[in-house]
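This one's a predicted model, so the numbers in the text were calculated from it and none came from an experiment.
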Amino acid sequence: MSEQEIKRGPRDPQKRRPRRSDEERAALRTDMAKSYVDDELTIRAVADLYDVSYGHARQLLLDEGVVLRTKRGTRPPAAKKVWKP
């Protein structure tokens, strides 16, 4: 065993997801957009449902043209602060 394995223990190989073809990616985008908009799932829930990362799910939704919801729903605009010397 190498010195690194002794210190940290054996490493597991990273989980790699297979690449999707353009047709599969287009179908996935459509399904994910439907889940996000119609079923009102969060991006994280959509990512878990379709076994993709959060960032990839977000990018696919943006590629599909989905308008993402804000984190806390609709919030009133912040009051403008006027600076006075």
L28 and M32: CA distance, side-chain angles, deciding distance, side chain to side chain contact (heavy atoms under 4.5 Å, CB included) verdict: CA-CA 6 Å; L28 181 64; M32 289 174 71; 3.6 Å; yes
Which pairs would a plain distance check flag for residues 36-50, meaning a side-chain donor or acceptor within less than 3.5 Å of a matching protein atom at least two apart in sequence or in another chain?
unit_1	atom_1	unit_2	atom_2	d
Y36	OH	R69	N	2.8
T42	OG1	A45	N	3.0
Y50	OH	D31	O	3.3
Y50	OH	S35	OG	3.1

Name every donor-acceptor pair, under 3.5 Å, that has one atom in a side chain of residues 55-65 and the other anywhere in the protein, sequence neighbours excluded.
unit_1	atom_1	unit_2	atom_2	d
Q59	NE2	D63	OD1	2.9
E64	OE1	R29	NE	3.1

